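These values consider heavy atoms only, across backbone and side chains, with no hydrogens, waters or symmetry-generated copies. Values in this document were obtained by computation on a predicted structure and should not be read as measured data.
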Amino acid sequence: MKVLLVRPRYPSIFSVIDPVITEPLELEYLQAGCAQAGAVAVLYDGPVDSPKFVRALHREQPDIVGITG
C-alpha cells in the first residue's frame, strides 16, 4: 500500500516573509507508523516542495492520501 501524507501550503501573515519553516513532524510520525505496518509513505510538504500537489499526486499514484491542517 502506498500512502501520500500531505501538509498543504496555506496563506498566513507569515507567508509573505516565511521567517521559519518547520518540518512536518506529525507526518514524519505517521510515516514511521506506516513503515512499521508495511506501507510505503511519501511526504508532500506544501510550503517547501516545489512541484504542485496535483503533479505529486499523479507522480506517486497513492492508494490513500492523508492531509494535515
Side-chain angles (χ1 to χ4, degrees):
M1 177 184 295
K2 191 168 194 180
V3 180
L4 179 62
L5 300 171
V6 178
R7 178 169 74 164
R9 185 167 190 73
Y10 49 90
S12 73
I13 192 168
F14 297 112
S15 297
V16 177
I17 55 175
D18 286 333
V20 176
I21 298 176
T22 60
E23 72 276 357
L25 188 59
E26 68 281 6
L27 295 182
E28 291 172 353
Y29 285 135
L30 289 173
Q31 185 179 33
C34 287
Q36 286 182 348
V40 176
V42 178
L43 296 180
Y44 175 79
D45 190 9
V48 177
D49 290 343
S50 58
K52 299 268 186 195
F53 171 70
V54 174
R55 284 191 213 149
L57 186 63
H58 286 293
R59 182 185 65 230
E60 298 300 334
Q61 294 291 309
D63 297 307
I64 298 173
V65 176
I67 301 173
T68 187

Side-chain cluster (under 4.5 Å, hydrophobic types only) that Val54 belongs to, other residues: none
With hydrophobic residues grouped by side-chain heavy-atom distances under 4.5 Å, do Val42 and Val6 end up in a single group? yes
Do Met1 and Leu43 sit in one hydrophobic cluster, given that two such residues count as connected whenever their side-chain heavy atoms are within less than 4.5 Å of each other, even indirectly?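 Shared cluster, yes.
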For residues 56-69, run the donor-acceptor check on the side chains, cut-off 3.5 Å, and write out each pair with its distance to 0.1 Å, sequence neighbours left out.
unit_1: Glu60; atom_1: OE1; unit_2: Lys2; atom_2: NZ; d: 2.9
unit_1: Gln61; atom_1: NE2; unit_2: His58; atom_2: O; d: 2.8
unit_1: Asp63; atom_1: OD2; unit_2: Lys2; atom_2: N; d: 2.9
unit_1: Thr68; atom_1: OG1; unit_2: Glu26; atom_2: OE2; d: 3.4

So how far is it from Arg9 CZ to Tyr44 OH, rounded to the nearest 0.5 Å? 8.5 Å
Distance in Å, Leu5 CG paired with Asp45 CG, rounded so as to fall on 0.5 Å steps: 11.5 Å
Contact summary for Pro47 and Pro8, nearest pair of heavy atoms: CD-O, 3.9 Å
For a quick test of reading the model, state the closest non-hydrogen atom pair linking Pro24 to Arg7 and the distance between them.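 Result for this residue pair: CB-NE, 4.0 Å.
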